[in-house]
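Okay, so here's the structure we're looking at.
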Amino acid sequence: MDKSYTSTSETDIYQSWENSGAFTPQIDKTKTPFSIILPLPNANDPMHMGHAVFTVQDIMIRYHRMLGDPTLWLPGGDHAGIETQFVFEKKLQKDGKSRFDFDRQTLFDLIWDFVEKNRTLNQFQMKKLGFSMDWTRYHYSLEPAIVKNVLATFKKLYNDGLIYREEKIVNYCTFCGTAFSNLEVVHKNVDSHLWYIKYGPLSVATTRPETMLGDTAVAVNSKDKRYQHLIGKTITLPLVNKEIPVIGEDSIDMEFGTGAVKVTPSHSPEDYDMAKKHNLEFIRIFDYDGKSNQNVPKNYRGLFPAQVRQMVIEDLTSAGLLEKTEAYSHEVGHCYRCGRPIEPITAPQWYVKIAPLAKAAIDAAKNGDVKFFPSRFKKTYLDWMSNIRDWNISRQIVWGPRIPAWYCLDCNPNIKLNFLDKNKNPISAFYRDIKDKYPFEEIKNGLQSMVAPVDSEFFIDEVSECSKCHSHSLLQETDTFDTWFLSGQWPLSTLGFNTADPSKSSEDFHYFYPTSVMDTMWDILFFWVARMIMFGLYLTKEVPFKLVHLHARCVDAKGQKMSKSKGNVVDPLSMTEKYGTDALRMALVYGIAPASDFVISEDKIRAQRNFVNKIWNASRFVLMIIERFQEQNPKLEISTTINSSKLNTDDKSILESLNKIIKSTDTDINRHHFGQASENLYQFFWHDFCDVYIEKAKDRGEEVVPVLLTVLINSLKLLHPFIPFVTESVYQIIRQKANLDEPQLITASWPKEIKF
RNA sequence: GAAUCUGUAGCUCAGUUGGUUAGAGCGCAUCAUUGACAUUGAUGAGGUCAGAGGUUCAAGUCCUCUCAGAUUCACCA
């Protein structure tokens with residue numbers, strides 16, 4: 001054996017595991033399987049430290065595999081809708097282009113190629129980390145079969161009356177050009193102003209003066225004595241010179257501002273609700289490109305909100321209508337992707353009626369069908385679940401499956417179309433105005449996006465002819481699915497559940513579903529975990545996993561979340577090259593509490609590299625001792641059979657410690673205290689075994705061999721889930737020496753109490 | 001505004017259902033080591049477990065409050 005451990009053979013060891021079929025479980029109906037679906041990484045993203053924390057999954061997987069359970073760890077890759085398109089658009093920007101230069105099919109194809117180039121990268125990286133995944137069951141989220149199933153789910157939801165299309169106020173990012181769900185909006189505190197504007201007989205206080213051009217009412221508290229006489233009357237909206245009503249609304253805080261609030265139903269969520277209640281007019285003054293439109297007086301048109309604000313303030317000031325300006329800081333929604341302020345806009349979108357789905361998901365958590373670890377996350381989950389609102393599943397991007405709805409242009413002439421004509425000139429117009437100018441095929445081929453009025457009729461199945469007017473001018477909805485709509489069905493899709501006909505679901509599905517554990521980080525508990533639970537219950541009546549395990553988050557030395565934009569990411573692969581994969585894996589679990597933040601430092605990895613080397617050297621020494629005894633006594637039998645009559649107190653002591661560590665490792669792994677388990681193993685091996693037992697064994701004769709070997713082999717087994725490479729390579733060497741039956745450590749039997 | 005978490009050695013953190021002198025890694029000090037390993041060994045210094053009160057035979061651990069920090073959720077003008 002070499003003088004120190006080198007990690008150069010890791011790739012070979014991984015290959016031999018994979019070739020031996022160890023990663024691929026056999027379906028055995030007499031046994032209970034253990035299965036984990038990997039939280040699918042973005043297919044085109046390289047791995048970061050956060051992914052390396054999936055080591056805890058490998059620990060569980062390897063442990064159960066050694067216990068003899070049919071064990072499945074199913075890997076996958078996500079097309080990651082908005083994320084990927086955003087990255088791609090940045091790339092386009094560098095080349096001086098934008099998404100508007102392409103029709104949607106071309107853009108989609110470009111992104112597809114872009115992703116394909118990197119798609120296998122993180123598969124390679126996961127192998128580097130030693131993850132014992134079943135690559136024969138790998139899935140990619142845009143595989144035809146998976147997409148087909150997702151569309152079938154949409155159809156089922158639709159048929160069950162759980163899908164609807166409505167024009168509500170949405171979180172719209174005019175830069176990214178898409179709406180977002182509430183979860184994707186980041187609230188930031190912004191220092192701004194409160195402007196007091198004179199509206200006829202009263203004044204209103206507002207943080208967004210520019211939206212006044214779209215005001216359709218003023219609201220006051222109906223109990224407010226100052227304004228009671230005005231309720232039901234109208235006042236004149238300045239700058240626009242239009243009569244708008246004063247309404248009484250109990251939710252208005254009389255203490256705040258002037259106690260009177262301007263109401264802009266199309267650009268404020270609260271005002272939207274008020275307008276629905278009081279039947280107010282909706283005037284959308286900002287378009288989806290972020291600029292003011294035809295609904296504002298001429299001089300304010302075609303401008304961004306900030307510009308309109310400037311003008312409105314100036315004009316109000318010169319008209320003597322701006323009473324005062326106060327400094328004011330408040331929360332403003334920002335796009336989680338590009339960081340720009342979200343513009344609340346009314347837009348027709350597709351929604352999932354969430355209440356019935358949420359109810360089942362709440363019940364499942366309450367009755368323990370799905371458990372949480374650490375358990376406090378159950379409360380977080382239930383709190384969120386019980387306040388959940390209908391889910392906006394439509395995104396105005398191209399990178400993802402399109403919503404399967406088809407509109408007849410001739411029945412819905414008010415559909416707004418954005419497309420490139422045959423000369424690549426951008427056209428933006430209502431169908432009614434251009435139907436005679438452009439052939440349908442030209443529109444269809446150059447299509448970028450469309451906005452169908454909320455009352456448009458659609459077909460949920462693709463048809464080539466409109467059943468009403470027999471037109472062949474049918475276009476599929478250009479909105480794509482929220483990426484979580486697809487990944488929310490991931491456990492079902494990957495295991496072969498068939499939504500359209502559940503009886504045709506695969507054997508894998510029947511055997512491995514519900515899976516055992518879903519291990520992820522708490523930051524996607526709502527985005528992903530909650531959605532998977534809802535979909536799982538909705539489609540199969542069963543939870544997709546019995547346990548939600550939230551692992552720790554890796555932060556930088558300053559305690560900050562690692563992110564590419566902050567430039568503080570530590571690349572796990574460079575660490576594996578420098579110190580070996582095992583050292584990194586051990587550093588990622590050693591002494592770490594579940595679901596907490598932890599700092600990964602090079603010091604810590606180095607310390608674990610030393611431990612890995614200690615294992616190597618201790619094993620080398622044990623073999624040297626044995627060889628020495630063999631030279632003295634060629635007939636010496638190398639065996640692990642313990643003869644209790646020959647044991648001295650040291651032997652008994654180390655065997656007792658071994659039994660203790662076997663027991664505690666079992667307990668700790670089963671209750672997910674991987675940090676504790678690894679710490680105990682570290683202490684046991686280095687201190688109890690090396691520093692104490694081996695030191696004393698130096699002075700003893702060949703009778704130490706069985707105990708030495710027994711402790712060593714069992715230690716290797718116990719450590720294998722944590723540090724698979726060094727343990728396997730040592731095992732292979734010892735196996736030859738000691739004629740061990742089990743060909744590989746990865747599939748060797750998990751240690752049981754030693755009788756002596 | 002609501003909820004959750006954290007505060008333990010110089011640094012980064014463990015500490016299970018409350019149970020003897022509170023632990024690890026790194027760092028530090030002293031010594032050792034020519035045959036497993038300097039990627040080593042031994043010994044040691046260093047902590048009124050954020051603060052106050054309470055429950056208990058017993059509290060780092062449970063309860064209440066205070067202080068400090070972090071995070072998540074939330075449509076307030």
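For the numbers below, each heavy atom of this structure counts, side chains included, while hydrogens, waters and symmetry mates do not. Each chain gets a letter, A, B and so on, in the order its sequence line appears, and its residues count up from 1.
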What distance, rounded to whole Å, do you find between the two P atoms, one in B:A42 and one in B:U8?
29 Å
For A:Ala219, all residues meeting side-chain contact (heavy atoms from CB on, under 4.5 Å), sequence neighbours excluded
A:Ile247, A:Glu249, A:Ile252, A:Val263, A:Met274
Are any protein N/O atoms closer than 3.5 Å to N/O atoms in nucleotides 40-45 of chain B? If there are, list each pair with its distance.
{"unit_1": "B:U40", "atom_1": "OP1", "unit_2": "A:Asn610", "atom_2": "ND2", "d": "3.4"}
{"unit_1": "B:U40", "atom_1": "O3'", "unit_2": "A:Lys614", "atom_2": "NZ", "d": "3.4"}
{"unit_1": "B:G41", "atom_1": "OP1", "unit_2": "A:Trp686", "atom_2": "NE1", "d": "2.1"}

Within the 3.5 Å criterion, strictly below it, is a donor on A:Asp482 or A:Ser394 matched to an acceptor on the partner's side chain?
no
Reckon A:His330 touches a base, only the sugar-phosphate, or nothing at all at heavy-atom distances under 4.0 Å?
sugar-phosphate
Can you pull the salt bridge (Lys or Arg N to Asp or Glu O under 4.0 Å) pairs that have at least one residue in residues 666-675 of chain A, sequence neighbours excluded?
A:Asp668-A:Arg671
In whole angstrom, what separates A:Met586's CE from B:U12's P?
22 Å
In residues 198-206 of chain A, which residues come under 4.0 Å of RNA chain B by heavy atom?
A:Ala205, A:Thr206
Is it true that a side-chain atom of A:Arg585 and a backbone atom of A:Phe722 form a donor plus acceptor pair closer than 3.5 Å?
yes
Touch check for A:Ala618, heavy atoms < 4.0 angstrom, all strands: base, sugar-phosphate only, or nothing?
base
Picking from B:C5, B:U16, B:U39, the nucleotide nearest the side-chain atoms of A:Asp668 would be B:U16
NZ/A:Lys168: more than 12 non-hydrogen atoms of other groups inside 6.0 Å
yes
For B:A74 and B:U12, measure between their P atoms and round to the nearest Å.
32 Å
Scan A:Tyr328 against the nucleic acid and name what it touches under 4.0 Å (heavy atoms): base, sugar-phosphate only, or nothing.
sugar-phosphate
Between CZ of A:Arg620 and P of B:A36 the distance, given in whole Å, is 9 Å
Can you tell me if A:Glu255 has over 12 outside heavy atoms packed within less than 6.0 Å of its CD?
no
ring-ring contact (aromatic ring centres under 6.0 Å, His included) pairs touching residues 191-222 of chain A, sequence neighbours excluded, are A:His193-A:Trp195
With sugar-phosphate meaning primed atoms plus P, OP1 and OP2, does A:Ser596 contact a base, only sugar-phosphate, or nothing at under 4.0 Å between heavy atoms?
sugar-phosphate
Using a 4.0 Å heavy-atom cut-off, does A:Lys262 contact any base of the nucleic acid, only the sugar-phosphate backbone, or nothing at all?
nothing
Reading RNA chain B from 5' onward, which residue's closest nucleotide shows up sooner: A:Met624 or A:Lys379?
A:Lys379
Expressed in whole Å, how much space separates the C1' atoms belonging to B:A45 and B:G27?
13 Å
Could you list the residues that satisfy salt bridge (Lys or Arg N to Asp or Glu O under 4.0 Å) with A:Lys663, not counting sequence neighbours?
none
So ring-ring contact (aromatic ring centres under 6.0 Å, His included) across residues 578-598 of chain A, not counting sequence neighbours, yields A:Tyr590-A:Tyr682
Over how many whole Å does the gap from A:Glu331 atom CD to B:U71 atom P extend?
13 Å
Only one of A:Arg309, A:Glu343, A:Lys262 passes side chain to side chain donor-acceptor pair (under 3.5 Å) with A:Thr211; say which it is.
A:Lys262
In whole angstroms, the gap separating C1' of B:A14 from CZ of A:Phe684 amounts to 20 Å
Using the C1' atom as the point on both nucleotides, what is the distance between B:A3 and B:G25, in whole Å?
34 Å
Can you give the dot-bracket line for RNA chain B, using ( ) for pairs inside the strand, [ ] for pairs that cross earlier ones, | for pairs with another strand and . for unpaired bases, where Watson-Crick and G-U count if both distances are under 3.5 Å?
(((((((..((((.....[...)))).((((((....).))))).....(((((..]....))))))))))))....
Contact class for A:Ile625 vs. all strands (heavy atom < 4.0 Å): base, sugar-phosphate, or nothing?
nothing
Report the distance from atom CZ of A:Arg389 to atom OG of A:Ser181, rounding to the nearest 0.5 Å.
12.0 Å
Proximity to the side chain of A:Ile694 - top-ranked nucleotide from B:A36, B:G15, B:U39:
B:A36
Atom-pair distance (CZ on A:Phe674; C1' on B:C13), nearest Å:
18 Å
Pull out every residue in residues 180-195 of chain A that has a heavy atom closer than 4.0 Å to any atom of RNA chain B, ordered by number, or say none.
A:His187
Expected output: side-chain A:Trp616 to main-chain A:Ser729 donor-acceptor under 3.5 Å
no
With a 6.0 Å cut-off on the ring centroids, do A:Tyr336 and A:His334 count as close?
no
With rounding to the closest Å, how many angstrom separate the P atoms on B:G60 and B:U48?
13 Å
Residues in salt bridge (Lys or Arg N to Asp or Glu O under 4.0 Å) contact with A:Lys698, at least two apart in sequence or another chain
A:Glu695
Can you confirm if the aromatic rings of A:Phe685 and A:Phe689 lie within a centre distance of less than 6.0 Å?
yes
Heavy-atom nearest nucleotide on RNA chain B taken for A:Lys3 and for A:Phe527; more 5' hit belongs to A:Lys3
What interatomic distance, in whole Å, is found between P of B:G18 and the corresponding atom of B:A58?
15 Å
Nearest-Å distance, CZ (A:Phe621) to P (B:C37)?
9 Å
Before we go on, tell me: are the rings of A:Phe282 and A:Tyr272 under 6.0 Å apart, centre to centre?
yes
How far does the P atom of B:A29 sit from the matching atom of B:A68, given to the nearest Å?
38 Å
Can you sort out the partners of A:Ser653 under side-chain contact (heavy atoms from CB on, under 4.5 Å), two or more places apart, ordered by chain and number?
none
Would you confirm whether the ring centroid of A:His549 sits within less than 6.0 angstrom of the ring centroid of A:His672?
yes
Distance between the P atoms of B:C57 and B:G69, in whole angstroms?
38 Å
A:Tyr693 OH to B:C37 C1': how many Å, rounded?
19 Å
Closest to side chain of A:Gln676, choosing from B:A14, B:A36, B:C73:
B:A14
Provide a list of protein-nucleic acid N or O atom pairs under 3.5 angstrom, restricted to nucleotides 21-24 of chain B.
{"unit_1": "B:A24", "atom_1": "O2'", "unit_2": "A:Tyr590", "atom_2": "OH", "d": "2.6"}

Quick one: CZ on A:Arg620 to NZ on A:Lys3, what's the gap to the nearest 0.5 Å?
7.0 Å
Whole Å only: how far is the CZ atom of A:Phe377 from the C1' atom of B:A3?
12 Å
